[in-house]
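Step one of this worksheet: look at the structure below.
Everything numeric here is computed off the predicted structure, so don't read it as measured data. Numbering of residues begins at 1 and proceeds along the displayed sequence. Whatever order the structure lists them in is the order used to number ligands and atoms, beginning at 1.
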Amino acid sequence: MNDNRFQPPPRTPWARTPTPLHRLPKLSKEWGVDLWVKRDDQTGFEWSGNKIRKLEFIVHEALEKGATALITCGGVQSNHCRATAALAAKLGLRCVLVLRGERPPRYASNNLLDQLFGAEILYVTTEQYQNMQEVRMVLDSQMRSQGGRSYFIPEGGSNGLGAMGYLAAWDELLEQLGRDGVPEAFDSVVVAHGSGGTQAGLVLGKILRSEQRMHECRVVGVNVCYDAGKSLELVKTVMWNAIQGWKMPLSFMASDMEMLDGFVGRGYARSAPEELRFLAHVARTEGMLVDPVYTGKALFGLRETLRRDPTFFGSRVLFWHTGGAFGNFQVEDSEWREVLP
Ligand SMILES: Cc1ncc(COP(=O)(O)O)c(C=O)c1O
């Protein structure tokens, strides 16, 4: 099934794209594969990471609908919330973040940045968070009574519209193949999985543009938040949302999406010493930062899998770096002291 005519809906190009795509020569040698990286950690400093690609579509629609405020939600240190707060500040929109958890005892990392960008923050319990529809309605009616109009963005920007960001990113990747020393194709693309929108967009791109060189390429998510079953469900839901919403001419099979399970480690946003040591190794070896919550665990999973089976991903592997570097500043000092000299 392929359709090169399908054009994603309109967006505003806020991300700094195309993002660089380069080889990781030392890690390639060490790990025995031809390892490349797509640097979506460089989509722009303040909104660095994968979320801005989704927000290009989502916030474009919000503006078209006349929104004066963006409401979104996530964990206390959500990268998505920070990117939304940065974009809202740029656009002069009000931004309300509904964060799951308690107000942290000190300003740090993304949570500090949310506040620098002027976002209004509502800290809620897990129970309240699960009733997001209710929270949304209360906020929306408050805004309406003040003459404003809100637009709600789901967690991680992961809905059909947000996934268009990574369908477009797949097209961007295809443009980069075979140029400036970049291989003609990769055997696998590996990406961190949280709310599923990034992987969903990449898989949609791969299926839609299937006659291209990347037809055989596997898109492998590394679930770092939820178990593999729930993570696959999230990807499928976002894909259906996109396919139905835009009448996309495609169908997909379970084999189109893969999950590399076993790397949630101690739990979401909790790091084991070997993961932090690994993250420091990557930084020292390639001069590239990954983060403890998403990309560090995903790349750790990639490396561990290669150790067990050097042929698992094929010979040419692309790690899609989705950002998150500010997360390094939320790790406790005591945890760093355990692994750094
Ligand atoms: C840095 C980073 N990488 C990867 C992800 C996962 O992306 P997605 O939520 O689209 O699965 C997220 C967000 O959840 C993130 O903040």
Heavy-atom contacts under 4.0 Å between [X] and ligand 1: side chain, backbone, both, or neither?
X      : value
Lys54  : side chain
Ser158 : side chain
Lys51  : side chain
Leu234 : neither

### Task
Using non-hydrogen atoms of the residue, decide whether Gln199 is closer than 4.0 angstrom to ligand 1.
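No heavy atom of Gln199 comes that close to ligand 1.
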#### Entry: Gly197 near ligand 1 by a heavy-atom separation under 4.0 Å
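The answer is yes: ligand 1 sits under 4.0 Å from a heavy atom of Gly197.
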#### Entry: Main-chain N/O of Pro20 paired to Gln42 side chain as donor or acceptor, under 3.5 Å
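It does not hold such a pair.
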#### Entry: Test item: Asn110 side-chain N/O and Gln77 main-chain N/O as donor-acceptor pair under 3.5 Å
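Checked: pair present.
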### Message
With nothing but distance in play, are any N or O atoms of Gly196 less than 3.5 Å from an N or O of ligand 1?
### Response
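Yes; at least one N/O pair falls below 3.5 Å.
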### Query
Name the one of Thr198, Asp40, Thr322, Thr43 that satisfies side-chain hydrogen bond (donor to acceptor under 3.5 Å, both in side chains) with Arg53?
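Exactly one option meets the side-chain hydrogen bond (donor to acceptor under 3.5 Å, both in side chains) with Arg53, and it is Asp40.
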Pull out every atom of ligand 1 sitting under 4.0 Å from any heavy atom of [X], numbered as shown with elements.
X      : result
Gly323 : 1 (C)
Thr198 : 7 (O), 8 (P), 10 (O)
Gly324 : 1 (C)

### Task
Starting from atom 3 (N) of ligand 1, find the nearest protein heavy-atom neighbour and note its residue, name and distance.
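Sorting protein heavy atoms by distance from atom 3 (N) of ligand 1 puts Thr322 OG1, 2.6 Å first.
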### Query
Is there a side-chain contact between Lys38 and Leu318, using heavy atoms and a 4.5 Å cut-off?
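Answer yes - side chains close enough.
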#### Entry: Cation-pi, Phe312 ring and Arg218 (6.0 angstrom, 45 degrees)
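Satisfied, under 6.0 Å and within 45°.
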